[in-house]
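Encoded as structure tokens, the structure appears first; notes follow it.
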Amino acid sequence: MYLSGDERAVLDRASRALGVSRSEVLRRGLLFVGDAATPEAAGAGAVGPRWAVTPATAGPGAPPPSIPVAPLREILRELSEDRADR
């Protein structure tokens with residue numbers, strides 16, 4: 001699926017206004033639609049609580065915070081050990 005020029009412009013404006021990436025805007029939009037589509041939300045008139053309170057994780061164009069991971073050498077060693085048992 002591709003976005004029209006007008007849709008991309010809306011996405012870019014929302015991204016700048018919220019101070020988040022375009023991907024984050026889309027994620028929040030999905031949460032909003034998903035929450036609004038539940039039977040509980042339809043009956044209560046609720047409006048996507050999760051998207052509204054999620055703080056910005058990174059500024060536009062900035063990479064997300066890194067999470068420490070094991071060195072590749074260690075991962076490959078563990079993988080090799082796991083496969084040796086098969």
Side-chain angles (χ1 to χ4, degrees):
M1 178 183 137
Y2 294 95
L3 298 175
S4 70
D6 290 341
E7 291 166 333
R8 276 194 306 278
V10 170
L11 180 60
D12 288 337
R13 279 195 306 274
S15 174
R16 283 190 301 276
L18 295 170
V20 297
S21 69
R22 290 187 288 180
S23 296
E24 181 63 18
V25 170
L26 294 173
R27 283 185 198 95
R28 292 180 186 192
L30 288 171
L31 288 174
F32 174 79
V33 170
D35 286 347
T38 63
E40 302 84 25
V47 179
R50 289 184 289 163
W51 72 270
V53 296
T54 305
T57 55
S66 62
I67 298 172
V69 295
L72 180 58
R73 186 181 330 229
E74 184 178 327
I75 293 171
L76 292 175
R77 180 186 52 75
E78 289 176 5
L79 180 62
S80 179
E81 289 172 1
D82 287 345
R83 289 184 174 170
D85 293 337
R86 293 182 188 175

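All residue numbers refer to positions in the sequence shown, counting from 1.
- Using a 4.5 Å heavy-atom cutoff, the side chains of Leu18 and Glu24 are not in contact.
- Tracing side-chain contacts under 4.5 Å through hydrophobic residues (I, L, V, M, F, W, Y), one never reaches Leu26 starting from Val10; they form parts of separate clusters.
- Here the straight-line distance linking atom CZ of Arg77 with atom CG of Leu72 works out to 12.0 Å at 0.5 Å rounding.
- With sequence neighbours excluded, no residue forms a side-chain contact (heavy atoms from CB on, under 4.5 Å) with Ser80.
- For the pair Ser15 and Ser21, the tightest heavy-atom approach, listed with the atom from each and the gap, is OG-C, 3.6 Å.
- Every side-chain contact (heavy atoms from CB on, under 4.5 Å) that Arg8 has, sequence neighbours left out, goes to Leu3.
- Checked against salt bridge (Lys or Arg N to Asp or Glu O under 4.0 Å), Arg13 has no partners two or more places apart in sequence or in another chain.
- Side-chain N or O atoms of Glu81 include none that pairs as donor or acceptor with a backbone N or O of Glu78 at under 3.5 Å.
- Side-chain contact between Val20 and Arg28 is present, with at least one heavy-atom pair separated by less than 4.5 Å.
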